[in-house]
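This structure is a prediction, so every number in the text was calculated from the model and none was measured. A note on names: the letters A, B, ... follow the listed sequences, proteins ahead of strands, and every chain is numbered from 1.
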Protein chains: 2
Amino acid sequence: MGRKTDRRIQRTRKALFDAFMALLLEKEYEAITVTEIADQANVGRATFYLHYRDKDDLLASNIEALFEEVAGRIRPLLKQSILARDTIQGRILFEEAARNKDLYLLVFRQGGTLLYDRLQRHMADLIAETLETLIMGGDSPIEISLLASYLTGALTALVKWWLENDMPCSADYMAAVAQHLIRPGMEQVALLESDWYTQKE
Amino acid sequence: MGRKTDRRIQRTRKALFDAFMALLLEKEYEAITVTEIADQANVGRATFYLHYRDKDDLLASNIEALFEEVAGRIRPLLKQSILARDTIQGRILFEEAARNKDLYLLVFRQGGTLLYDRLQRHMADLIAETLETLIMGGDSPIEISLLASYLTGALTALVKWWLENDMPCSADYMAAVAQHLIRPGMEQVALLESDWYTQKE
DNA sequence: TTATTTTCTGGACAAATTGTCTAATTTTGG
DNA sequence: CCAAAATTAGACAATTTGTCCAGAAAATAA
């Protein structure tokens with residue numbers, strides 16, 4: 001049963017992904033060729049096609065798993081931090097971003113539909129989930145997916161600004177800013193009556 | 001002086017750009033070939049290279065101008081609407097988005113570094129500009145570029161949600177939501193003392 | 001260890017794309 | 001009408017892509 005355990009497979013796949021990530025730091029995704037990847041990985045080009053259908057497949061097979069891991073870390077952070085009624089624990093979100101700075105900057109820069117949108121959607125889903133459990137019972141006067149999109153966009157913008165500006169201030173500070181910018185509005189809409197605006201359609 | 005007026009040039013360039021936009025609605029930017037563009041435009045492939053260096057050049061020469069035009073419309077809207085103290089004129093922003101729905105959806109979808117980032121940066125600059133004139137004199141307790149990034153991200157998220165969900169509510173409604181979500185936070189930070197948070201560094 | 005299975009390799013292949021270049025053909029503006 | 005400019009089809013070498021093969025190399029099993 002030593003089929004999937006073959007060291008050569010692990011070694012080759014890791015070499016290919018490492019090479020890919022290295023190239024991704026220099027060039028645009030679309031500008032990277034399979035030849036370059038195999039070259040940088042010190043692996044025959046035919047070997048590449050032995051493991052992956054194409055460039056997208058390599059990305060999907062690896063980044064996807066990476067995101068799963070990151071998402072796993074983000075999920076509990078989001079739930080307990082973003083909308084906690086009293087304390088500001090949003091700090092841990094910015095700390096998470098700082099820890100994986102390279103990864104997130106890569107996502108922001110190479111973005112496109114591949115990584116950026118994927119992360120945005122994932123965050124929006126997580127947030128919507130969290131909001132739903134918070135509201136549980138009384139329904140929100142405003143579409144939850146809309147609120148989730150707003151929160152995602154706002155938080156992402158803050159994190160992006162922070163990372164792209166080389167983290168000129170502490171995670172605590174950023175969390176406090178996020179707190180002051182976002183919470184009042186969220187409380188405002190939470191207090192709205194269901195019929196606060198009748199012209200919706 | 002009949003050099004730039006040559007109808008053939010105008011006709012060819014328009015045909016090429018129209019073909020490009022048409023293809024952009026079906027396929028990803030990177031998947032579109034010069035051959036396809038020339039084909040769709042009913043123009044020789046050599047003619048394409050007579051006008052543009054490559055695909056990026058075609059995009060830069062046209063979309064850029066288009067953005068200039070859009071930006072020109074957005075500028076006054078932003079200034080008078082987003083941060084007007086009393087009335088909600090943010091409606092015109094959503095109306096603008098609705099008018100150019102196809103264009104903005106294209107930007108959101110094809111995004112990448114090419115269009116999306118460009119628009120984001122432009123908006124952030126415009127907003128920062130506006131904020132600076134608003135604050136004029138007393139300096140902001142929070143980095144203006146940070147506030148501008150937040151506003152850009154938040155507004156973009158709302159517009160994106162609205163367009164991607166086929167505008168399920170009126171522009172008025174969206175403007176009201178934006179108002180309730182964003183303004184309280186902005187007023188909150190505007191009231192902060194310069195030393196409200198000492199751990200910035 | 002030896003035998004067997006799997007993976008890796010370099011090379012070759014057709015197809016598609018790119019950017020450049022010609023030499024003819026058409027259209028425009030004067 | 002004529003000269004200038006734009007367009008055209010086609011050819012061209014250079015890359016890239018995805019597939020295939022036969023042999024070398026390495027891992028696993030007995």
### Message
I'd like to know whether A:Lys101 forms a salt bridge (Lys or Arg N to Asp or Glu O under 4.0 Å) with A:Asp166, so could you lay out the CA-CA distance, the side-chain angles of the two residues, the decisive distance to 0.1 Å, and finally the verdict.
### Response
CA-CA 10 Å; A:Lys101 186 184 176 187; A:Asp166 265 318; 2.9 Å; yes
Rounded distance (Å) that lies between atom [atom2] of [N] and atom [atom1] of [X]:
X	N	atom1	atom2	result
B:Asp39	C:dT18	CG	P	12 Å
B:Asp57	C:dT20	CG	P	11 Å
B:Lys27	C:dT17	NZ	C1'	12 Å
A:Leu50	C:dT6	CG	P	13 Å
A:Glu36	D:dT15	CD	C1'	11 Å
B:Arg13	D:dA6	CZ	C1'	11 Å
A:Glu30	D:dT16	CD	P	14 Å
A:Arg7	C:dC8	CZ	P	14 Å

### Query
Measuring from A:Arg75:CZ to A:Ile127:CD1, what's the distance to the nearest 0.5 Å?
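Taking CZ in A:Arg75 and CD1 in A:Ile127, the distance rounds to 12.0 Å.
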### Message
Donor-acceptor pair, distance only, cut-off 3.5 Å: does the side chain of A:Thr130 make one with the backbone of A:Leu126?
### Response
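A pair under 3.5 Å: yes.
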### Polar contact flag, side-chain donor to acceptor under 3.5 angstrom, A:Arg13-A:Asn62
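No, A:Asn62 and A:Arg13 have no side-chain donor paired with an acceptor closer than 3.5 Å.
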### Query
C:dC8 phosphate, OP1 or OP2: any side-chain N/O from A:His51 under 4.0 angstrom?
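For C:dC8, OP1 or OP2 has a side-chain N or O of A:His51 closer than 4.0 Å.
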### Query
For every nucleotide of nucleotides 17-26 of chain D, 5' to 3': is a protein heavy atom under 4.0 Å from its base (B), only from its sugar-phosphate (S), or from neither (-)?
BBBB----BB
### Task
Please lay out, stage by stage, how A:Glu95 and A:Arg99 fare under the test salt bridge (Lys or Arg N to Asp or Glu O under 4.0 Å).
CA-CA 6 Å; A:Glu95 284 169 349; A:Arg99 253 195 309 278; 5.2 Å; no
### Message
Does anything in residues 14-24 of chain A form a salt bridge (Lys or Arg N to Asp or Glu O under 4.0 Å)? List the pairs, not counting sequence neighbours.
### Response
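Listed by first then second residue: A:Lys14-A:Asp18.
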